[in-house]
Every structure is written in structure tokens, then in C-alpha cells.
Protein chains: 2
Amino acid sequence: MSAPSDKSPESGPNDVPKAVVSRLSLYLRELQHLLHDGSRTTSSTQLGSLLGLTDAQVRKDLAYFGQFGHPGIGYHCDELVREIKQILGTNHPWPVALVGVGNLGRALLGHRGFSHQGFQVVAAFDVDPTKVGRKIIGIPVYGLDELPRVVKEKGIRLGIVAVPPTSAQEAADRLVAAGVDGVLNFASVTLTLPKNVSTVGVDLAMELEQLAFAVANRRE
Amino acid sequence: MSAPSDKSPESGPNDVPKAVVSRLSLYLRELQHLLHDGSRTTSSTQLGSLLGLTDAQVRKDLAYFGQFGHPGIGYHCDELVREIKQILGTNHPWPVALVGVGNLGRALLGHRGFSHQGFQVVAAFDVDPTKVGRKIIGIPVYGLDELPRVVKEKGIRLGIVAVPPTSAQEAADRLVAAGVDGVLNFASVTLTLPKNVSTVGVDLAMELEQLAFAVANRRE
DNA sequence: CTATGTGAAGTGTTTCACAGCC
DNA sequence: GGCTGTGAAACACTTCACATAG
């Protein structure tokens, strides 16, 4: 009985390192480019070198979820794309709510990359009454009090916070109260949310800081 | 002679884990909020719990760069802010070039968070001749052929790529050719650049994918 | 008593290297 | 020949726990 029988009684991914999941997105993106460029098949070596990773890393990452490769051949691009989408949950579309129709919010409303990966921003929300009731890029703008109704009606599970830092916590709270399960936060604050709600934070200034550090510390 | 004498002959940060640097940005942001809220001092315990980290982690991270704390007291917020800015290199402002004045580009031009952390977008570039020559939010838009001159004149070292994926590699190449040392890339492609140039990639759809995965795999 | 800084222990992730397969 | 999947080794990071300082 030396076998690790507690693998994962149900089909759930027992405990996958977060870094692995984020590389999964990278693999997916690269595979889609390869497909678009006419490749039907690829290998862990090719995929890795395109992304600056080792071949072993690519294989180990994918092995967390199953056996998708074909020895001697490699991976079929379309097959692997389907598998990864299945794992990430993007094999079917996600309706998304956006809170905050400012500069950044409007840019996100029109962002092609979202719909390309199966995310549809189907409703926007703002406190500004001059924006409420209008449509922007075909997407209706509601007042925040309509959040619960619209979230329910459209089956929305993901919300994007694109408001100023001072309003971000409240915006997130209202999204959660309306029934959203995950929040993508663009405000430069750490949100405090119930732990049954997932959060991803993107701070654009922080990204530039990381870049500045890297540049300032090159070569010694 | 058991001491690891090869610590770091010069003052350069020998090999700091990348995760540490990114938490440094987190500490900075939280310290600025604490200062704004009137705190003069904090502790590794407080800072950690605000960010969901252990106290030991906070202390270890900071210890990579020096001894900034006061036993029995904690850390002086303003002092630590100065130190972290010094480490990140944001104790003096960075002029930044932006390539691509589309939806996202315009949002980035007006992004308050950048200037708040010492980044000034001082020039924008686009291929569209109807945009060139105008000013957007006070920032002049140039043609791409003016990149080398403007980068040199304004002492720009960082560039932001906010163009469609198919043009991203070329935009980055031209930034690098113009003399930029670091690129923040918003296009959903992995850039191939000389290794003396630093890159940070932000893919908004990837962030939503990570969120979707987390939501789809809760509780099980 | 509070809080830092740090070696040592513990945990997690990546790389290695090879058996097995096409 | 080429390539995957995977235990085992190597490496990196985090947590523990305590000596030290105010």
C-alpha cells in the first residue's frame, strides 16, 4: 500500500501550485499562436523555448492534469488547447460585470483579448448618473443598485473593479453581495473579501516598479 | 572559514528572489496607505496581516536589503517608504514612452497610479497619422520614426507597448532600437528581446483566466 | 514585554535523468 | 532517431524559534 491513494477522490485538482496554473495560461496563448501559424503539433521543447522555460517544466506542469502527450510525436495543438481550456474552465463563456466606467473601465469594455478567451463583459456599473442608462460599445451601463438584479439575471460570476482606490473596497463588497464569486481588482489596494471569493489584483504601477527595479539593477 | 564569503563584493543586490521584489511593491503601497491614514509606525506583524503574509516573511524580505527596523518599536513608515523607493529605484522620477494610443493606451496615458509612483508618460507614439501631432491629456503623440530622437532627448529608459498583438514585437523592437532598457508589454504575446533589456508582461485575459480557474475549482 | 534579524528546519518547486513508447 | 511521463536529486523559498535590542 505504498501508493499515494489519496490522490484526489473526485475529479478536482487536488493542490496545484499557483505558478503552474499561470503557466497554463501561457501555454494556451502560445498554442493558439502556433495553431494560427499553421502548426498542428508541438513538443515540450518547442513550447518551452518559446516561453523561456525548460522542456521538463512544461511536461511536469501538464502532468498535473493528465497525460496529453504522444511519445515520439509531442502534443497535438488543438487537442492541448481544448484540454487546457477545460482545466481553466474557459471551454464555455463567462459573462463578466465591470464596475467603474472611467478611463480604464472603458478600455476594458472594448478589450478584444477578453472575448477572444471567452470572457464577455455583459454589464457595466457606475455611480455617475450621467453615464447610467447609456450604452458604451454596445454594453449597457447601470447604477450600482441594480447590481444584484443584473448579476442574477445574466448569471454573472466574475466582476472587474476599475474604480479609484478609495471606492474599490466598497465596489468589491457590492459585487460580492450581488453574488459574484471572483473579483479582478485594478485598484491599488488589497481587498478584504470573504475567503469563498477569489481575488486577483493587477496594479499597473507595481508592474512598472518591477520593471524599474530590473532596469536599475542590471549588470551591477 | 565556514562563512560564505562570496556574499556580494559590491553593493548590488546579489540574487534577490523575484517574489521578494514584487512583495516590496506591495509593502510600499501598504505603507503609503498607512501613512495617509496617519500611522507613523508599523510592525512586520501588522504589515503582514494587512497583506496576508506572515510576519517572518516581511522581516526576511526586508532583511535582503538592510536593517530598517527598530527592535521593540517596529518600522517607521516614512523611513521604510524612502528605503523601499531607493531599492526599487523610484526615489527619482522615470520618464516613460508609450507606444499605441488605442483604447488601452489612452487609459494608460491618464492613469493616476503611474505618476503617483514616480512614472511620467512623457511621450506617446502611434502609426495612425490622424493621431500624430495631436496632444492627448497633455501628452504629445509622435510618429514611430521619431522614437529614437524623442527617447534620447527626454532621457527615456522605459517603454510601454499597448498595440495589437501582431504589432507588438515590432513596437518593442523599435523601442529597444531607440535605446529603451525596459519594456512593459500589454499585448498577448511573449516578446523576444535582447537579454540586456528587461521585460514585464501583463495579459489582462490571462488574469481573468486565473480568476476563472480559481472560481471553477473552489471547494470541490 | 514588544519587536527585529537570522541561522536552522521544513516545505515546495524545478531540474535531472532515464524507462517506456512511437 | 525523437518524445513523453515520472521518481529522485537539487535547489529555492518560507516558516520556525530564539538570541538580541529597546
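In what follows, chains carry the letters A, B, and so on, assigned in the order in which the sequence lines appear, proteins first and then strands, with residues in each chain numbered from 1.
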**Prompt:** Got more than 12 heavy atoms from elsewhere within 6.0 Å of NZ, B/Lys18?
**Reply:** no
**Asked** With sugar-phosphate meaning primed atoms plus P, OP1 and OP2, does A/Thr45 contact a base, only sugar-phosphate, or nothing at under 4.0 Å between heavy atoms?
**Response** nothing
**side-chain N/O B/Ser44 vs C/dA3 OP1/OP2, d < 4.0 Å** = no
**Item:** Closest listed nucleotide, where the reference is the side chain of B/Arg23 and the choices are C/dT6, D/dT14, C/dT15
**Value:** D/dT14
**Asked** Which nucleotide, C/dC16, D/dG5, D/dT4, lies nearest any side-chain atom of A/Ala56?
**Response** C/dC16
**Nearest-angstrom distance from the residue atom OH of B/Tyr64 to C1' of C/dT4** = 17 Å
**Item:** Under-4.0 Å side-chain N/O to phosphate OP1/OP2 contact, B/Gln46 with C/dA3
**Value:** no
**Message:** When you measure from the side chain of A/Arg157 to the backbone of A/Asp181, do you find a donor-acceptor pair of N or O atoms at a distance under 3.5 Å?
**Reply:** no
**Message:** Reading DNA chain C from 5' onward, which residue's closest nucleotide shows up sooner: A/His70 or B/Tyr75?
**Reply:** B/Tyr75
**Prompt:** If you find the nucleotide of DNA chain C closest to B/Ala63 and the one closest to A/Leu53, which residue's nucleotide is nearer the 5' end?
**Reply:** B/Ala63
**Item:** Distance, rounded to the nearest Å, where B/Asp15 contributes CG and D/dC11 contributes C1'
**Value:** 12 Å
**Asked** Side-chain N or O of A/Arg59 less than 4.0 angstrom from OP1 or OP2 on C/dC18?
**Response** no
**Separation of atom CZ in A/Phe65 from atom P in D/dT4, rounded to whole Å** = 18 Å
**Prompt:** What's the CG-P distance between B/Asp55 and C/dA3, to the nearest Å?
**Reply:** 10 Å
**Request:** Nearest whole angstrom, please: distance from the C1' of D/dG5 to the CZ of A/Phe68.
**Result:** 12 Å
**Prompt:** Within less than 4.0 Å of OP1 or OP2 of D/dT15, is there a side-chain N or O belonging to B/Gln57?
**Reply:** yes
**Item:** Among D/dT4, D/dT14, C/dT6, the nucleotide that comes nearest once only the side chain of A/Pro71 is considered
**Value:** D/dT4
**Request:** Pick base, sugar-phosphate or nothing for B/Gly72, based on heavy-atom distances below 4.0 Å to the nucleic acid.
**Result:** base
**Asked** Between A/Val163, A/Asp203, A/Leu108, which is the residue that forms a side chain to side chain contact (heavy atoms under 4.5 Å, CB included) with A/Phe186?
**Response** A/Leu108
**Asked** Can any side-chain N or O of B/Gln169 pair as donor or acceptor with the backbone N or O of B/Thr192 at less than 3.5 Å?
**Response** yes
**Item:** Under 4.0 angstrom between B/Ser43 side-chain N/O and C/dA3 OP1 or OP2
**Value:** no
**Prompt:** Would a 4.5 Å heavy-atom cut-off, applied to side chains only, mark B/Val183 and B/Ser198 as touching?
**Reply:** no
**Asked** Between A/Tyr64 and A/Ile87, is any pair of side-chain heavy atoms under 4.5 Å apart?
**Response** no
**Integer-rounded Å distance: D/dT20 P and B/Gln67 CD** = 14 Å
**Message:** Distance check needed: D/dC13 C1' versus B/Leu24 CG, whole Å only.
**Reply:** 16 Å
**Message:** Determine whether a donor-acceptor pair (one donor, one acceptor, N or O, separation below 3.5 Å) exists between the side chain of B/Lys60 and the base of D/dT15.
**Reply:** yes
**Request:** Could you tell me the separation between the CD atom of B/Glu79 and the C1' atom of C/dA3, rounded to a whole number of Å?
**Result:** 15 Å
